[in-house]
There are 2 protein chains.
Amino acid sequence: MATGRTHRPATRSRGIPEATVARLPLYLRALTALSERSVPTVSSEELAAAAGVNSAKLRKDFSYLGSYGTRGVGYDVEYLVYQISRELGLTQDWPVVIVGIGNLGAALANYGGFASRGFRVAALIDADPGLTGKPVAGIPVQHTDDLEKIIKDDRVSIGVIATPAGAAQQVCDRLVAAGVTSILNFAPTVLSVPDGVDVRKVDLSIELQILAFHEQRKSGEETAAGDGGKAAAVTPRDDADQGPDGDVPAVMPA
Amino acid sequence: MATGRTHRPATRSRGIPEATVARLPLYLRALTALSERSVPTVSSEELAAAAGVNSAKLRKDFSYLGSYGTRGVGYDVEYLVYQISRELGLTQDWPVVIVGIGNLGAALANYGGFASRGFRVAALIDADPGLTGKPVAGIPVQHTDDLEKIIKDDRVSIGVIATPAGAAQQVCDRLVAAGVTSILNFAPTVLSVPDGVDVRKVDLSIELQILAFHEQRKSGEETAAGDGGKAAAVTPRDDADQGPDGDVPAVMPA
DNA sequence: ATGTCTTTGTGAACGCGTGCACAAAGATGG
DNA sequence: CCATCTTTGTGCACGCGTTCACAAAGACAT
């Protein structure tokens, strides 16, 4: 088995690669859909197609969990649903707090995907006193002053930050100090946290910018007139030493 | 990250690595902040710290764009802001449509991060006739029937899907047929699109599940986790009334 | 039982991304 | 002009993730 002993700090306590973990929820969703249609078994090929991945990758992913398939037949849907759920820790209840109840926070509070997967919105928290007590998604908003008490009383270990960027780090610090060890950050800021605390970031603006990059590539040199002169010289030259135009005066200050 | 079904063999023949592209917006944000504080130059070390990455990685990333730094000094902030913006295609205006104006769609429409980068919300679209004409974020919602016309009239190439999962594929097909070639998908579904169309996926539920996995690791190292009696307390699947996230409206009409 | 057929599980090769470490390039001071 | 100092740009090595290709394992028919 693991002949090479990996005495690496954290991150890989138990063998399952991070990339695999990130795909498990995807498989779980596809399997749940199959389960509802009462499909008893599924092959790696079929499931991979449903999840939008390569079948070899899927099999290798599952191999990290154990040998849950039957050769010549496929995987038992119900059994696999349970195994993945357990591996992801979804067989237990995870109380979650959402901090920052603006448009996004409210959308998150209403998001159905939470409850259906073992996540429970334990509290909604906002700094605006005007919101305090007002119900959002059936849950009364509480004031930031009570943040520490809420975290501790409900033993919340997962926090969602949906505040403006300026408040994010401060909220983060308070969450961590109160005992939260996993944070899902929607604010466009890089959060700094102590070791042992996990942060995942969701940034709408970044996703769009990545799309814009590829979009620009696709549109090639057409460049439907951006801002006239310097507008994206694009330089489709894909040869070795690309100096991407490099000499566009533009904002060259110094 | 799992995008949909869009495999690009490589960005052109001689392109910027995907991992680098994904970090450019991060650098851009840090640089913009420096620019606002009128900082003239910045070293790779400082900028890397601000962006939360390794300085060697940052330098290598920039090296793909060209040699924009000055040895012994660092990078000119303004100049770099422009170069990255241009590389990402942000020097031109990108009209964007948001389909599905529930809580999430409304949050997106109000999101300031769009306008500040070259993205302009060209239209909000929803299938609910009751919403038609109602302004959200100052923009009147239009009905799905007019989707094709809107896309074509405004030459929209980027679409954001914030509908319930059940409607996502259909909306996607219509967007693509009308000319959209980049899609940001918030619905918990794997979209299938023809070649040449980019899909990026943002899935709140998946992010939380990944956090739960690590959380379980952290808290339950000695919790056998074997499928002994303890885990049996939780029935793997019994959400008969509450379907999976796919059936729960990801967004509700505001 | 035996042979055939299907599908899993995985060894191995490959490619990409990351981080180290250092030489080259330019600034700065004498 | 030369020496020294700072910081970039990158060659290189390493590890992770992906993919191929196939042997092993079981189902099923005869």
Side-chain angles (χ1 to χ4, degrees), chain A residues 1-24 26-27 39-49 51-77 79-80 83 240-244 246 254, chain B residues 1-3 5-24 26-27 39-49 51-77 79-80 83:
Chain A
M1 43 188 321
T3 49
R5 77 154 53 100
T6 47
H7 48 298
R8 258 305 181 264
T11 334
R12 47 225 317 240
S13 34
R14 193 62 168 318
I16 300 184
E18 195 56 33
T20 294
V21 172
R23 281 188 294 268
L24 290 182
L26 217 58
Y27 302 145
V39 177
T41 63
V42 64
S43 71
S44 65
E45 203 69 50
E46 294 168 320
L47 184 54
V53 302
N54 182 295
S55 71
K57 193 187 294 184
L58 179 143
R59 287 198 299 277
K60 178 143 288 193
D61 283 341
F62 285 175
S63 79
Y64 292 116
L65 307 182
S67 289
Y68 295 147
T70 304
R71 303 185 187 214
V73 176
Y75 299 91
D76 181 280
V77 172
Y79 187 56
L80 202 47
Q83 291 298 342
D241 212 40
Q242 37 93 291
Chain B
M1 148 218 24
T3 65
R5 172 58 266 185
T6 309
H7 278 6
R8 48 177 52 258
T11 326
R12 267 307 184 62
S13 28
R14 192 41 100 142
I16 301 175
E18 197 55 33
T20 295
V21 172
R23 281 188 294 268
L24 289 182
L26 217 56
Y27 302 145
V39 177
T41 62
V42 64
S43 71
S44 64
E45 203 68 51
E46 294 166 322
L47 185 54
V53 303
N54 182 295
S55 72
K57 193 187 296 185
L58 179 143
R59 288 197 300 275
K60 179 148 293 193
D61 283 342
F62 286 175
S63 78
Y64 292 116
L65 307 182
S67 290
Y68 295 146
T70 304
R71 301 183 189 220
V73 176
Y75 299 91
D76 181 280
V77 172
Y79 187 56
L80 202 46
Q83 290 299 342

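Quick note: numbers below take in every heavy atom, side chains included, and nothing from hydrogens, waters or symmetry partners. All chains are named by letter (A, B, ...) in the order of the sequence lines, taking the proteins before the strands, and each is independently numbered beginning at 1.
As rounded to whole Å, 14 Å separates atom P of D:dT7 from atom CG of B:L58. The CG atom of A:L65 sits 12 Å away from the P atom of C:dT10 (whole-angstrom rounding). To the nearest angstrom, P of C:dC16 lies 12 Å from CD of B:E18. Here the P atom of nucleotide C:dG17 and the CD1 atom of B:I16 are 12 Å apart, to the nearest Å. Remark: P of D:dA25 and OH of A:Y75 are 16 Å apart, rounded to the nearest angstrom. Computed from coordinates, the A:Y27 OH to C:dT8 P distance equals 13 Å when rounded to whole Å. One can place CZ of B:R59 at 15 Å from P of D:dT6, the figure rounded to the nearest angstrom. Atoms CG (A:N54) and C1' (D:dC20) sit 9 Å apart, rounded to a whole Å.
Relative to the side chain of B:A56, the nucleotides D:dG9, C:dT8, C:dA21 differ in distance, and C:dA21 lies closest. For B:S43, the side-chain atoms get nearest to D:dT8 when compared with the rest of C:dT10, C:dT8, D:dT8. With C:dG9, C:dC20, D:dT18 as the candidates, the nucleotide lying closest to the side chain of A:S63 is C:dG9.
In this structure, the side-chain hydrogen bond (donor to acceptor under 3.5 Å, both in side chains) partners of A:Y68, at least two apart in sequence or on a different chain, are A:Q83. Residues satisfying the side-chain hydrogen bond (donor to acceptor under 3.5 Å, both in side chains) test with A:T20, not counting sequence neighbours, are A:D61.
Applying the 3.5 Å distance criterion, the base of D:dG17 shares no donor-acceptor pair with the side chain of A:K57. For A:K60 against D:dT19, a side-chain N or O and a base N or O form a donor-acceptor pair under 3.5 Å.
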Which parts of nucleotides 23-30 of chain C does protein reach within less than 4.0 Å, heavy atoms only, written one letter per nucleotide 5' to 3' as B for base, S for sugar-phosphate only and - for none? -BB-S---
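Nucleic acid contact for A:Y64: none, since no nucleic acid atom lies under 4.0 Å from a heavy atom of the residue.
Atom CG of B:L47 is separated from atom CZ of B:F62 by 5.0 Å, given to the nearest 0.5 angstrom.
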